[in-house]
Structures are given as C-alpha cells and as structure tokens.
Amino acid sequence: MLKTHTCGELSHDCVGQVVTLAGWVHRRRDHGGLTFVDLRDRWGLIQVVSDPEYAEAHETMSGLRAEYVIQVSGNVRGRPDGASNPDMVSGDIELVAQHVKILNVSKTPPFDINKVSKVEEGLRQKYRYLDLRRSNMLANLSLRHKTISFIRDHLSQSGFLEVETPMLFKTTPEGARDYLVPSRLHRGKFYALPQSPQQLKQLLMVAGIERYFQIARCFRDEDQRGDRQPEFTQLDMEMSFVEQEDVLQTIEILITELVANLTEMKFQQTPWPRFSSEEVLNRFGTDKPDLRFGVELQDVTELVVESELKIFSSAETVKGINAEGCGNYSRKQIDSLTDFVKQYGAGGLAWAVVGDDGNVSRSSFRKYVDENTMHALKKKMQAKPGDLLLLVASDVDVVHDSLAALRVKIGEKIGVYDTNLLACCWVIDFPLFNWNERENRWDPSHHLFTAPLTEDIGHLDTDPGRVRGSQYDMVCNGYEMAGGSIRIHDSALQQQIFDLIGLDKNVALERFGHMLEAFEYGTPPHGGIAVGIDRLVMLLAQEKNIREVIAFPKSQQATDLMVGAPSTADVDQLNELHISITDSTSSKIE
RNA sequence: GGUCCCGUGGUGUAGCGGUUUAACAUGCUGCCCUGUCAAGGCAGAGAUCGCGGGUUCGAAUCCCGUCGGGACCGCCA
C-alpha cells in the first residue's frame, strides 16, 4: 500500500505517529514560507503543513495544484494554540510533510470539486468521474451502498435467498417498451432486457425458494422523469405461503429499521396508514399522494351543478382545493396556475379569494353563482379569510390529474413541512381491471398474474369493474416507492382472467406458456413486491432527482454524455446481427 | 409526438436593440507573504455571447431554425 492510514481515520490519538497518506490535493493555501494543503481521500480530509526544515518537501508542496495526486509522509502533530479548525473533523491535528511525492498531476478541473456549487447538468455528466469526487455525491453513493448492504443483511437474516436472474430475457408486449438485444445465432430474433424479474421470481416460487430477493437492474425504454431512468434498480422480492398482510409487514419492518439505522429521518405516522385506491384518488386526486400536507380535494359538483356557468353545469365533476393563505396571489400568479393545470387537460381554473371579512373579494366566477352557492362552497372547502379557492371542472380524470399536481405545487409553497419527515402509506384495494375505452375491453391494471381479492372473485363474471386486486403500493412523500401483489397460483382462475381480458389462448400460450405450464406443477400461493432503490435512496438523501444517487446516469435523452452512448456500430457487427439500418428519411415519410 | 425553461471567459452569473473596449464573483497564471483553513495582497491572461439564418444603419440582446442540457404532458407502475 502507498499509504499507512486514511485521511479520515487520524485523530488526536495519533499525535506523534509517523504516517504515510495518499490522496488528492483538495485545497492549497500557500503562505510562501509555509504551505498548507488539505489532503483528501475517500475517508476524509486532513491538513498537511510544510515545514521549511524539510526543504525538499516544502519545495514540492508549494508546487502542488488542485487535484494533484500525492503521497505524504511525516509526523502527526497537534495544531498550535488557536490554529485548530472546529469545522474540520481532523481540525485539531495536522501532518507535517517530511516527504512529499507527486504521484500524478491534474489539469485544472472543469468545475470546482472542493466546494458545493451549481454546475450545468450536462457538464457534470460528461465529467461524472470528477463530479463523483464532490462530497455530496460521495455521500450519496455511500448512503446507497449502506442502504443496499442493510437490505442484504436484513433479508438474509430473515431467511431470504438472493438469486440472480438473467438479463437476456424474452420480450413482452405488455407494459413498458422493451430494450431489445439482437441475437447473432438466431437471425431476426431478439432478447429483451428485463423490465423487472417478475416472471422469473414467480418461477423461483414454483422452484420452492419460498423467500427470494434480488437487487435487480431493470430496463424500460420510456421517456425520462426526475424519478425515472432507462435503467434502474429494484429490490425485488417474492414469498411463498404468504398473504398480503405478510408482504406489507415485511417491507414496513425492513424500511422502518433501515431508516432508523441509516438516517436521522422520522416517519410522520407509524404504523403506516392504509388507504384504498378509491379513497386516495378522491381525497388527493392521485394514487401516490404526498401526505406531508393537507390541502385535500373537495367535491363540489353538487353545489355548482345548477350554476349559470356552463363549465360548471356541464362538467362531469367539479372539485377544488383550498390554497390556504394564498389570497394575496396576484392575477398574474393565478394565471400561471391556470396555465399549469392546462398541461393536464383542464380547460381552465376557476378561483375565488376570500377577503378579510370572510366574503369572496375577488373571483373568476362570482357573478355567475348566487350568494348561497358561494357560501356553501366556502363552507365545504373550509375557507378562511386570506384563502384562495381553486376549482377545476372537467371529466373526473382530468380533474384529479390537474388538482393532484396543483395540490403538490401549492403544498410546496404553503406546506412548510419538515424535510426530515417521511410520510409513508400503503395504497391497497386497486381495481383489478381498468376499462379500456378505445379497445372496448378490460385491461389488467397491474399485471396478468395479480390475484383478485377472495371476497371479490364472485364478481369476476358479473361485474369485473368491481373486482379489487390483492395489489398494494407503498407511497412515500408523493413517490411510488414500491408495488406488488399476491399472484394467482390457480390455473383455472388464471384462465378465467385471460378470458376476461380477451387474451387469445394461443397468444397466451405463446407469451406465457412457460408460466402456465409451470403453474401446473404444484405452485405454492405466493406474492411479492418490488421497491425502487433509486427512489428510496433519493428520498433518504433528500435529493430531487434519482440521477443524484446513480453513479453514471443517463441524460433526459437517454444518452450517456460521458462515453457517448448510444453510438453507431461497425457494419461488420451489424451484419453479424443480421441488422440493416433503414434510411431515416424514408421511415419518416408518411 | 408535444409544451415550457436554460445556453455569455474554465465555472457560476449579470447585461436583454446603441457610452460594452461585454461586467461581477470564483477559478487560472506570476510575484509577495510562517498559522492558514472559501487564507490574504499586488499584477495579469482569459469569452466575437451554443450553432446557422433572418430583421435592422446597428444584434449577446428581436425573429425563425437547429443542437445540447433540464422540467413537465403523453408514455411508463
């Protein structure tokens, strides 16, 4: 080893020891006759000071520059009186440089590594290896490691077996778009990278593993969001002989202990509250509500249906939120909220400001509704002086989508919640099917193997829309953190579901024949869940984008700005894969 | 596929039709400096304003296109 200690492990106890350290020049303070260098490695920072007594080392020290890689040997000593630095972990000691060796020089980095400053995202990604040297990124990677490590330990102790599943898998038309991998040996055929190990973990249950987990990389070729990357990591789990309650408990205990062990964060409520999907939809307009603040949706359809205003009287649903204390919003601010909800398909935003006297002082619709209606509206929405009421009238989906987004926007402004708070909840009792208007059929709302709730099985034939699935989502601070279900393990029931969604037998056999066949060999009742690791670590690190907790993320256009992927391939490679590239102009012509 | 925001010395920003020779901070280079820790002082180098086109007597500034980054809708559990 080129070092005897790390920069982070030296303390006042080491005073008097002769040590050798190696790392990067974090910062240099050159006083001419005396030079200080903060030496950085993975584990910490320590001040190295040159002593003119060691002339050669002193000379080398003054020639150092930021990010040079050096090796320093010398005596650890306590700093002189008044010279210690309380902001530094090793602030009461320093290393006297007796021998300094430059192991490597560095160009001036394209951005500051030794301070937390804004840097353009593209630049950070291009020089990711430098970005990762910055303290907050190192902290995030470290937290990620600890999270995964904790999960592995915890689940191993609970009898779970970690099993790896293949990355070269089979394409499935359901769900997200697959990343395809062309086969060299089989002309015209493709593997697909797994969207998740869903089928394989069920097959592991057939295999008798009983308790499986995997820190699994998943791939989905869909457009990016702050919490979505083309490849991401899930804690994938599956258990046999369990009921829904067992899965929920397993995760709740795991996450609770993880948070307690690794962070200072607190849960808003324990045990985590549970809501039906219907309830959260009605109260928050979304199935992933941020529960750190109130501002719930109020249904005022009945109150305004008689109004002269056509947007109210003709709407399927009218709901609103009370933006408490936002009565001072200017017309311009309100207009920007209107533009905001239009993104979600809303025609506009009806609004009313409650004045100091408790009456509506400004409103976009006051002249179209009578006093009684306005009064009822205020009462229903618990409006106080200084509040701003915001209403959306449209079909129920648009109302929910737009108000859910508006609620979060308002909540961020007025919520003033503790950033150390985790508001986790379970959302359960999802409908098993959604009616697909365009195709005129029922679609599974989760996936094909989700079991219906036992008490709802009777409705399968008569009223599929009423059937709830044994499906559950774990939601935290407005993010979907985990989702799973109890699976169907009965061939007859599985066939009934296939029939119901109109999946042709031959098609089912072609796509899922391996599953159906496996299920005929003594499949145990089983269920599972998958936790989004990137999102989890993002929340624990209090970041707003999962890029911040991924070492080498993709850009919004799904490119890697550091290595320049995707890239073209040699003609020879393409030929081997039996691929020819079509002219982009010809495929664009309608 | 769509909407919106951003692009100015290495970095982060200001300037948003004409006293701009493009400003400020930081970084960088050199010199001075023995107790600093975002060290300090002095001096200096460094951007034709992402790219292309247009409007104009005049464009970093206005318009169109394009490229790149980001946020979001669609998409995606």
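Quick note on labels: first sequence line is chain A, next is B, and so on, each numbered from 1. What you see below is based on every heavy atom in this structure, not just the backbone, and it leaves out hydrogens, waters and symmetry mates.
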| task | With heavy atoms under 4.0 Å as the rule, sort A:Ala83 into base, sugar-phosphate or nothing. | result | base
| Do A:Gln471 and A:Ile428 have side chains that get closer than 4.5 Å, going by heavy atoms? | no
| Taking OP1 and OP2 of B:G35, is either one under 4.0 Å from a side-chain nitrogen or oxygen of A:Gln47? | no
| said: Give me the distance, rounded to whole Å, that separates B:U61 from B:A23 when you measure between the C1' atoms they each carry. | reply: 15 Å
| said: Any base atoms under 4.0 Å from A:His446, or only sugar-phosphate, or nothing? Heavy atoms, all strands. | reply: base
| For A:Glu174, does the CD atom have more than 12 heavy-atom neighbours from other residues, nucleotides or ligands under 6.0 Å away? | yes
| task | Return the nucleotide paired to B:A39: Watson-Crick means purine N1 to pyrimidine N3 with N6-O4 or O6-N4, wobble means G-U with N1-O2 and O6-N3, both under 3.5 Å. | result | none
| query | Does a side-chain heavy-atom distance below 4.5 Å link A:Leu180 with A:Tyr191? | reply | no
| said: At 4.0 Å (heavy atoms only), tell me whether A:Asp30 reaches a base, stays on the sugar-phosphate, or touches nothing. | reply: base
| said: From CZ of A:Arg225 over to P of B:A77, roughly how many Å is that when rounded to an integer? | reply: 13 Å
| Charged N-O contact under 4.0 Å between A:Glu222 and A:Arg228 | no
| Rounded distance (Å) that lies between atom C1' of B:G40 and atom CG of A:Leu34 | 14 Å
| said: Between P on B:U36 and CG on A:Asp92, what's the gap in Å once rounded to a whole number? | reply: 16 Å
| field | Distance-only donor-acceptor check, side chains A:Gln229 and A:Asp534, under 3.5 Å | value | no
| query | Contact class for A:Arg27 vs. all strands (heavy atom < 4.0 Å): base, sugar-phosphate, or nothing? | reply | sugar-phosphate
N/O contacts under 3.5 Å, protein versus nucleotides 1-5 of chain B?
residue : atom : partner  : partner atom : Å
B:G1    : O6   : A:Asp223 : OD2          : 3.4

| request: Using a strict cut-off of less than 4.0 Å between a Lys/Arg side-chain nitrogen and an Asp/Glu carboxylate oxygen, indicate whether A:Arg27 and A:Glu67 qualify as a salt bridge. | output: no
| task | Classify the nucleic acid contact of A:Gly532 as base, sugar-phosphate or nothing, counting any heavy atom under 4.0 Å across all strands shown. | result | nothing
| To the nearest 0.5 Å, what is the distance between CZ (A:Phe430) and CG (A:Asp287)? | 5.0 Å
| message | With the stacking rule set at 5.5 Å and 30°, tell me whether A:Phe36 counts as stacking on B:U36. | response | yes
| task | Would you mind reading off the distance between A:Gln195 atom CD and B:A77 atom P, rounded to a whole angstrom? | result | 6 Å
| task | Go ahead and name the base partner of B:U3; Watson-Crick or wobble counts if both distances stay under 3.5 Å, otherwise write none. | result | B:A71
| field | Same-atom distance (C1') from B:G52 to B:G7, integer angstrom | value | 16 Å
| said: Please give the distance between the P atoms of B:U21 and B:C6 as a whole number of Å. | reply: 26 Å
| Proximal nucleotide (of B:C75, B:G69, B:G35) relative to the A:Arg177 side chain | B:C75
Protein N or O to nucleotides 12-16 of chain B N or O, pairs below 3.5 Å:
residue : atom : partner  : partner atom : Å
B:G12   : OP1  : A:Glu120 : N            : 2.6

Under 3.5 Å, which protein N or O atoms sit close to an N or O of nucleotides 65-67 of chain B? Give each pair with its distance.
none

| request: Once you apply the 3.5 Å cut-off to both distances, tell me the Watson-Crick or G-U wobble partner of B:G65, or none. | output: B:C51
| message | Is a donor from one side chain sitting under 3.5 angstrom from an acceptor on the other, for A:Lys201 and A:His526? | response | no
| Charged tip of A:Lys409 within 45° of A:Phe340 ring normal and under 6.0 Å | yes
| said: Quick check for you: to the nearest 0.5 Å, what is the distance between A:Ile497 atom CD1 and A:Leu503 atom CG? | reply: 11.5 Å
| task | Answer yes or no: is there a side-chain heavy-atom contact under 4.5 Å between A:Leu536 and A:Thr147? | result | yes
| task | Scan A:Gly226 against the nucleic acid and name what it touches under 4.0 Å (heavy atoms): base, sugar-phosphate only, or nothing. | result | sugar-phosphate
| said: For A:Ser84 and A:His447, find the nucleotide of RNA chain B closest to each by heavy atoms; which residue's nucleotide sits nearer the 5' end? | reply: A:Ser84
| query | When rounded to the nearest Å, what value does the distance between P atoms of B:G65 and B:G27 take? | reply | 41 Å
| query | Got more than 12 heavy atoms from elsewhere within 6.0 Å of NZ, A:Lys126? | reply | no
| task | Could you state the atom-to-atom distance from CG of A:Asp287 to C1' of B:C76 in whole Å? | result | 13 Å
| field | Pair A:Thr171, A:Asp178: side-chain N/O donor-acceptor within cut-off below 3.5 Å | value | yes
| Which part of the nucleic acid, if any, lies within contact of A:Gly32, taking any heavy atom under 4.0 Å across all strands shown: a base, the sugar-phosphate backbone alone, or nothing? | base
| query | Looking only at N and O atoms, is any donor in the side chain of A:Arg77 or the base of B:G35 less than 3.5 Å from an acceptor on the other one? | reply | yes
| task | Under 4.0 Å between any heavy atoms, over every strand shown, what does A:Arg220 touch: base, sugar-phosphate, or nothing? Just pick one. | result | sugar-phosphate
| Are the charged groups of A:Lys288 and A:Glu480 less than 4.0 angstrom apart, N to O? | no
| query | Does the side chain of A:Asn545 get closer than 4.0 angstrom to OP1 or OP2 of B:A71 through an N or O atom? | reply | yes
| query | Which part of the nucleic acid, if any, lies within contact of A:Pro80, taking any heavy atom under 4.0 Å across all strands shown: a base, the sugar-phosphate backbone alone, or nothing? | reply | base
| task | Both distances under 3.5 Å, Watson-Crick or G-U wobble: report the partner of B:G17, or none. | result | none
| field | ring-ring contact (aromatic ring centres under 6.0 Å, His included) involving A:Phe293 - partner list, sequence neighbours excluded | value | A:Tyr417
| said: If you count heavy atoms of other groups shown closer than 6.0 angstrom to CD of A:Glu59, is the number above 12? | reply: no
| salt_bridge(A:Arg124, A:Glu548) N-O dist < 4.0 Å | yes
| request: Look at the side chain of A:Arg79 against the base of B:C37 and say whether a donor-acceptor pair falls under 3.5 Å; ignore hydrogens and angles. | output: yes
| Just wondering, are more than 12 heavy atoms of other shown residues or ligands nearer than 6.0 Å to OH in A:Tyr68? | yes
| field | Pairwise C1' distance, B:A43 and B:U66 [rounded to whole Å] | value | 43 Å
| Quantified in whole Å, what is the C1' atom distance between nucleotide B:G9 and nucleotide B:U20? | 15 Å
| field | Nearest-angstrom distance from the residue atom CD of A:Gln224 to P of B:G70 | value | 8 Å
| message | Could you tell me if the side chain of A:Gln224 sits less than 4.5 Å from the side chain of A:Ser555, heavy atoms only? | response | no
| Are A:Asp131 and A:Arg133 close enough for a salt bridge, meaning some N to O gap below 4.0 Å? | no
| Any residue of residues 547-566 of chain A with a heavy atom less than 4.0 Å from an atom of RNA chain B | A:Arg547, A:Ser555, A:Gln556, A:Gln557, A:Thr559, A:Leu561
Sort me out a list of protein N/O and nucleotides 22-30 of chain B N/O pairs below 3.5 Å, or just none if empty.
residue : atom : partner  : partner atom : Å
B:U26   : O2'  : A:Lys115 : NZ           : 3.4
B:U29   : OP1  : A:Arg65  : NE           : 2.9
B:G30   : OP2  : A:Arg65  : NH2          : 3.0

| message | Counting only side-chain nitrogens and oxygens, does A:Arg29 get under 4.0 Å of the OP1 or OP2 atom of B:A39? | response | yes
| request: Starting from P on B:C31, measure out to NE2 on A:His31 and report it in whole angstrom. | output: 17 Å
| task | Calculate the interatomic distance between A:Lys409 atom NZ and B:C73 atom C1'; express it in whole Å. | result | 14 Å
